[in-house]
Structure formats: structure tokens, C-alpha cells
There are 2 protein chains.
Amino acid sequence: MEKVDIKRLARELNLSISTVSRALRDSHEISDSTKKKVFELARQLNYQPNPHASSLREQRTKTIALIIPEVANNFFSLVIDGIESIAAEKGFHVLIYLTHEKTEKEVEFVRQLSNGRVDGILMSVSGLGQSITHLEDLMQKNIPLVFFDRTPDELDVPKIITDDRDSSFRATEHLIQCGCKKIVHVSILRQMSISDKRKQGYLDAINKHGLPEMVLDCSIDEEETYQLIKTCIREQKPDALFASLERLAIAAYYVCGELGLNIPGDLKVLSFSNLQTASLLNPPLTTVTQSAFDMGAAATKQLFRLIKGQEIDERTITIRADLIRRKSTSCD
Amino acid sequence: MEKVDIKRLARELNLSISTVSRALRDSHEISDSTKKKVFELARQLNYQPNPHASSLREQRTKTIALIIPEVANNFFSLVIDGIESIAAEKGFHVLIYLTHEKTEKEVEFVRQLSNGRVDGILMSVSGLGQSITHLEDLMQKNIPLVFFDRTPDELDVPKIITDDRDSSFRATEHLIQCGCKKIVHVSILRQMSISDKRKQGYLDAINKHGLPEMVLDCSIDEEETYQLIKTCIREQKPDALFASLERLAIAAYYVCGELGLNIPGDLKVLSFSNLQTASLLNPPLTTVTQSAFDMGAAATKQLFRLIKGQEIDERTITIRADLIRRKSTSCD
DNA sequence: TGTTTCTACGAAAACGTTTCCGTAAAAAAA
DNA sequence: TTTTTTTACGGAAACGTTTTCGTAGAAACA
């Protein structure tokens with residue numbers, strides 16, 4: 001089957017390549033009659049322009065890249081949904097890269113993207129607190145770049161974030177209103193600004209009400225985390241556990257199962273989470289739920305503004321998270 | 001900041017473009033001394049080749065496309081993980097497309113990919129039973145193509161599937177062994193071969209044991225599905241519900257909550273599902289769990305074989321699903 | 001010494017587009 | 001009628017690579 005490119009169309013129609021190209025792009029320089037002929041043949045042969053040739057010539061790719069730590073995670077899945085909805089609408093393609101929380105991978109991906117592969121990059125950084133020179137390099141190259149959720153504080157870049165401190169504060173006050181006196185905040189990845197903000201919201205609420213600060217920093221390792229939580233619950237006997245991440249709450253549920261503790265009777269549990277089945281858990285889990293889809297959509301819209309060269313008014317967009325009260329923190 | 005391309009390297013080193021290109025690709029035609037010089041400068045200036053120029057010239061892109069119905073779904077999230085793990089290993093890039101179960105979108109994506117954008121395509125089809133001419137077109141163009149999970153029976157293509165019939169049979173027998181006599185199989189998207197196979201496994205087991213066939217076909221609409229399940233449970237009073245899809249089991253859980261039915265006392269529930277939190281539900285849900293990560297990885301490996309032009313021995317790879325027994329089908 | 005074979009490199013074509021520039025013929029203006 | 005403008009198109013350069021082909025000079029061989 002012979003290849004179908006512009007050259008072929010031109011040959012079959014006895015036209016020049018330039019004329020065919022212009023006809024396809026509906027240029028005013030081409031007469032309606034030839035346009036019609038070109039369109040007709042293109043349709044017949046199912047002509048599709050070679051995107052790499054176009055990208056090379058036009059110096060734009062209609063493609064964006066998404067770099068995230070992981071995908072098997074309700075938050076990021078929903079974010080992808082939001083991103084895709086906007087990208088598809090604009091006819092853009094989306095490349096996806098998973099760092100698995102490894103900065104080296106992030107550095108490598110960024111390097112790969114630094115020479116015209118994409119028109120812009122959306123990113124939720126892995127392991128913050130690490131070196132950010134690769135991100136600075138990217139900015140220097142003037143590649144449109146938008147961060148979401150996990151953003152580097154050190155850089156002045158467009159970002160989409162959750163009201164982490166405030167929602168954490170509200171969540172903590174919810175626990176306090178339920179009568180909890182010993183609330184432990186469980187967190188991970190201490191280098192992440194987002195964890196810090198959540199912890200800060202907790203601390204602010206705790207201090208406002210004169211309660212004791214109880215903070216547990218876990219590691220990345222699942223098993224170690226499980227043991228830490230177990231020891232904490234057994235020895236410190238908190239009456240509420242506020243998890244900064246979904247997987248920490250899951251671990252807490254298992255620990256309670258093992259220790260024979262009743263939720264919410266013995267321990268109230270609350271977590272940042274995007275679990276769709278939160279209300280089906282035993283017991284239904286009270287969550288602080290981020291609008292993940294909206295964050296993805298907002299980030300993408302912002303990125304398109306940058307790509308189009310438009311000035312952006314708000315460099316930081318904050319999207320409110322909702323506290324959804326369920327049985328794991330019920331008061332009776 | 002001046003652009004850094006091969007031309008720039010050549011100019012600064014007083015070499016020709018071809019020599020630089022060859023040096024970068026470590027050709028034996030270039031002396032070690034010049035190679036060293038070229039590498040050094042490339043490193044200094046952080047040279048990255050323009051991928052579109054390479055793709056255009058080489059007629060290969062080191063990019064694959066993934067077309068799936070949705071991403072906010074545990075199964076597909078894990079599949080993506082599996083795909084990415086293999087792709088990253090080979091230095092390939094992954095484009096992601098979501099059809100949201102709409103065949104029109106699938107057709108459009110396929111059209112967009114039909115002219116050299118990618119080296120191959122991985123796909124789980126949307127709404128089977130629809131027209132498949134767009135897939136036939138793709139095959140005619142000789143674009144490497146591998147299907148997984150939801151595959152079109154009509155086409156002779158490489159595919160990765162679950163042992164849907166067999167695992168469904170085993171699951172149904174598990175319910176029967178628990179003493180269930182009125183087992184209803186709930187399914188959706190009746191045009192999907194995968195649904196058919198699951199239903200067939202159920203029917204085979206039911207008939208083998210001389211029990212009544214009870215089949216409920218739901219629609220895509222969430223609310224309608226909910227009502228159908230509710231009516232079915234109330235009027236037909238099954239003692240077990242076998243859901244072909246995760247979301248149907250979720251709906252069943254809600255229905256039972258509303259009707260005040262006890263799981264597993266009044267109704268045992270079992271479902272195909274990749275929910276990570278299945279064991280934390282109330283009650284823990286017995287699942288038939290596909291090895292989603294492995295399916296993604298296997299599909300990608302298969303695709304790479306096609307891309308390399310290797311003959312593939314097994315055109316259909318079946319990956320076994322596991323029945324994980326939990327409390328929702330407990331016998332006591 | 002003369003001939004052949006390597007070695008190491010340069011010129012240029014090619015990949016498939018888009019667009020700048022140029023120009024006949026037709027139309028409009030003078 | 002002559003001049004100017006417009007219309008509709010063709011030629012060729014350009015995007016940044018890779019690779020084919022060609023060739024000086026060095027090395028090997030006779």
C-alpha cells in the first residue's frame with residue numbers, strides 16, 4: 001500500500017506540494033474549486049499529516065507531558081481525568097511519566113523533555129527538598145511549566161494547590177469538637193511542603209485549643225510505617241488519628257483490626273483521601289477530599305495560557321478541599 | 001540563550017554536521033579523539049537531540065500510545081503502571097488517551113495515530129459490538145497493535161486476556177459450595193465479549209449444579225443501574241450476587257445498606273475487582289482479582305516484539321485471575 | 001616506487017511538512 | 001489602452017536529524 005502524504009496528493013491532482021498544503025489548511029490563497037478537489041482526495045485516501053514533520057517545521061507539538069509520582073492512586077487518577085478532559089478538548093496529546101517517587105527518574109524525564117518534545121509540562125514533584133536544579137534548568141529554557149499539588153516552594157512558578165493548612169485546621173477542629181483530647185497527626189515524606197502545611201494546620205488547631213502536640217513521621221517503607229503506627233497507637237493511646245495521606249489511614253485501619261480497637265469508639269480516624277469507597281469502609285472513613293479532577297483541569301488550563309503566551313493573573317490557584325464527615329469520627 | 005543543536009556543536013568544534021552526528025552515535029568511523037571532544041561539548045551545553053527531527057528521519061518514534069476507556073479505575077491504573085514499567089525500561093514514551101467508553105472518541109484517536117505519531121498501540125476497546133472498521137484500518141496500515149482485557153473477538157490480533165470464563169466458573173462454584181441456591185449474575189455492556197465470558201462461566205457452573213439462571217443486565221447509567229439492582233434484590237430475593245464489574249458490587253453494597261440487608265447473612269456478594277481496599281470494606285469483599293500490572297507489562301512486551309518485527313509465538317496470552325475469599329461470602 | 005586499502009571526515013540528500021518568495025494570468029484602475 | 005493590483009499557484013528553503021556517497025590522506029602491500 002503506497003504511502004499517503006502530501007506529495008502523493010499533489011501528484012495525483014497535478015498540483016504542487018505547496019498548493020496542496022495550503023488547500024488543506026484552508027488558505028485564502030487557494031481557489032474554492034481546488035480546495036474541494038484536495039479535500040475530496042484527502043478524505044478518500046484518509047490522509048493524515050505526519051505529526052513529526054509538522055512539529056519540526058512549526059516548532060510546536062500539540063503535546064504536553066505529565067510527570068507524577070504514581071498512578072495507582074485515586075488522587076492522581078482523577079487528576080489525569082481532569083487533565084485529559086481539557087487536553088482532548090484542545091486537540092492536545094498527553095505523555096505520561098511516572099517517577100515512583102524517585103528524583104533521579106524525575107531528573108531524567110525532565111532532561112528528555114527539554115528539547116522540543118512537548119509544548120509544556122505539568123508536574124507534581126517527587127521527593128521535595130531534594131535538588132531542584134533540573135527544574136531551574138527547565139525554567140531557564142522557557143518551557144511552559146505548571147505544578148500542582150506537590151509544588152516546590154523555592155521556585156516562583158504557576159501552581160495549583162489545595163488549601164492544605166486550612167483544610168487540615170478545619171479537620172482537626174472537627175476532631176476537637178468531637179471531644180478528642182489526644183489527636184495524633186501521622187505524616188510521611190517530611191521534606192514535602194504539602195506535608196508541612198497539613199501538619200501546620202493540625203498544630204495551629206491543637207495549639208489554639210491547648211491540646212498536646214502528637215506528631216508521627218513515617219517512612220516510605222510500608223511495613224515500617226505499619227509498625228510505627230502500631231507502636232504509636234499502643235503506647236501513646238491517642239483518641240484520634242489524623243492521617244496526612246490515604247495509605248496511612250488504611251494502615252491505621254489494619255492496625256486497629258489487629259489490636260481489636262473499635263473505630264470510632266476507641267479511636268477516631270480521619271484522613272486526606274480520594275477513596276471512592278470511603279463510605280463503604282468499615283466504618284465509613286471521614287475524609288478531607290481534594291477536588292482532584294478540578295486541580296488537573298485547572299493546571300491544564302493554566303498551562304495552555306502559558307503556551308499561548310498569555311499573561312496569567314493568578315500564579316497560584318488554591319482549590320478548596322472538602323471535609324466529608326462519616327462514621328469513623330462520629331461522636332456518639 | 002542560543003539554541004543548542006547539532007549545527008551549534010559542529011560550528012563550535014569546527015567539524016561538519018555529519019561528523020558530530022556520527023560521533024554522538026558512537027560510530028566507528030570517527031576517531032576517539034574527536035568523539036571525546038564532541039561528547040564533552042555536548043555534555044557542557046546539555047545537548048538533547050530534537051526528537052521530532054529524529055523521528056521524521058528515522059521513521060520511528062520511541063513512543064507508544066495507550067487507549068483505554070477510563071483511568072479513575074483501579075484496574076486500568078495498575079495496567080498503566082505495568083505498561084510504564086516496561087516502556088521506561090526500554091526508553092519509550094507513552095501517550096495516553098481516554099475514550100470515556102465512547103466509540104467515536106476511540107475512532108478519532110485511532111485516526112490521529114495512524115500516521116507515524118507512534119511506533120505501536122496498546123488498547124482496551126470501548127463499547128464492543130460496535131463497528132470495528134477503524135481497527136481494521138489500523139491493522140491494514142501494519143501498525144503494531146496489541147489488545148488487552150477488552151478485546152475484539154472478530155479480529156485476529158495479539159491479545160492479553162484474563163481467564164474470564166474459568167475464573168467466573170470458579171467464583172460461582174465457590175458461592176455454590178457456600179450453599180447459595182439463587183445466585184444472580186449482574187453485568188453491564190452486554191456487547192462486550194469479556195462480559196459474555198464471565199456470564200458464560202457463571203452459566204456453566206449454574207447449569208452443572210442444576211440451579212436457576214438469574215441474569216441481570218444493567219445500563220451504563222449509574223442511577224438506573226442502582227434501581228435495577230435494588231428491584232432485583234427486593235423482588236427476586238437472591239441469596240448471592242455475583243458482580244461482573246467492581247462498580248456493580250459497590251452499588252449492591254449501597255442497596256443492601258438501604259434495604260437493611262446483611263452481607264453475607266442475607267446476601268453474599270462477590271465481584272470482579274481490583275479494589276485495594278476490598279479487605280477494609282464492610283464487610284470485606286470477596287473478589288476475583290485480575291493481575292492488572294502483569295497484564296499491562298505482558299501487553300507492552302508483546303508490543304515491543306511486534307515493533308522489533310519479531311515473530312510472536314502465542315498470539316493470545318491468558319493471565320490467571322485469583323479468587324480472594326473474604327467475609328462477604330463467608331459461610332457461617 | 002606505485003598501487004591498493006583503510007581511516008576519518010565532509011557534502012548533500014532525505015524524512016514530510018509549512019511558508020517565504022516569486023510570478024503568470026486575470027481583474028481592476030488609470 | 002496602459003498600468004496596477006489581485007488571484008492562484010509553483011519553486012525552494014527551512015525545521016534538525018541521519019545516512020548515503022564521495023574523497024583526501026595515511027597506511028599497507030607489492
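Computed from heavy atoms alone, side chains included, the values below leave out hydrogens, waters and symmetry copies. Within every chain, numbering begins at 1; the chains are lettered A, B, ... in the order of the sequence lines, protein sequences first and strands thereafter. As the structure is a computational prediction, the values presented were derived from the model and not from experiment.
Between the side chain of Arg57(A) and the base of dT17(C), no donor-acceptor pair under 3.5 Å is found.
Residue contacts for Glu29(B): at a heavy-atom cut-off of 4.0 Å it reaches a base atom on one of the strands shown. Base engagement by Ser18(A) is indicated by at least one non-hydrogen atom pair under 4.0 Å involving a base atom.
Across the interface with DNA chain C, nearest-nucleotide mapping of Ala53(B) and His28(B) shows His28(B) to be the residue nearer the 5′ end. The residue among Arg22(A) and Lys7(A) whose nearest nucleotide of DNA chain C is located toward the 5' end is Lys7(A).
Taking side-chain N and O atoms only, Arg25(B) has a distance below 4.0 Å to OP1 or OP2 of dT18(D). Using a 4.0 Å cut-off, no side-chain N or O of Tyr47(B) falls inside it from OP1 or OP2 of dG16(D). Taking side-chain N and O atoms only, Lys35(A) has no distance below 4.0 Å to OP1 or OP2 of dA8(D). At least one side-chain nitrogen or oxygen of Gln59(A) sits closer than 4.0 Å to the OP1 or OP2 atom of dG16(D). Residue Ser16(A) places at least one side-chain N or O closer than 4.0 Å to OP1 or OP2 of dG10(D). At dC9(D), one or more side-chain N or O atoms of Ser31(A) fall inside 4.0 Å of OP1 or OP2 (strictly under the cut-off). Side-chain N/O atoms of Thr34(A) include one lying less than 4.0 angstrom from OP1 or OP2 on dC9(D).
Using a 3.5 Å distance cut-off with no hydrogens or angles, the side chains of Ser126(B) and Thr99(B) do pair a donor with an acceptor. Gln112(A) and His93(B) are linked by a side-chain donor-acceptor pair at a separation below 3.5 angstrom, with hydrogens and angles left out of the test. A donor-acceptor contact under 3.5 angstrom links the side chains of Ser77(B) and Ser77(A), judged on distance only.
Atom CG of Leu9(B) and atom C1' of dT18(D) are 15 Å apart (whole Å). Taking atom CG on Asn50(A) and atom C1' on dC15(D), their separation rounds to 13 Å, with Å as the unit. Across the protein-nucleic acid pair, Leu56(A) atom CG and dG16(D) atom P stand 7 Å apart, rounded to whole Å. Summarising the geometry, the separation between NZ on Lys62(A) and C1' on dT17(C) is reported as 16 Å, rounded to the nearest angstrom. Atom pair Asp119(A):CG and dC15(D):C1' shows a separation of 15 Å (rounding to whole Å applied). Distance CD1 (Ile6(B)) to P (dA11(C)): 15 Å, rounded to an integer number of Å. Here the C1' atom of nucleotide dA12(C) and the CD1 atom of Ile17(B) are 10 Å apart, to the nearest Å. For the pair Glu58(A) CD and dC20(C) P, the computed distance is 12 Å after rounding to whole Å.
Under the 30°/60° scheme for interplanar angles, the aromatic rings of Phe148(A) and Phe76(A) are found to stand perpendicular.
A side chain to side chain contact (heavy atoms under 4.5 Å, CB included) with Leu9(B) is found for exactly one of Thr19(B), Leu15(B), Leu24(B), namely Leu24(B).
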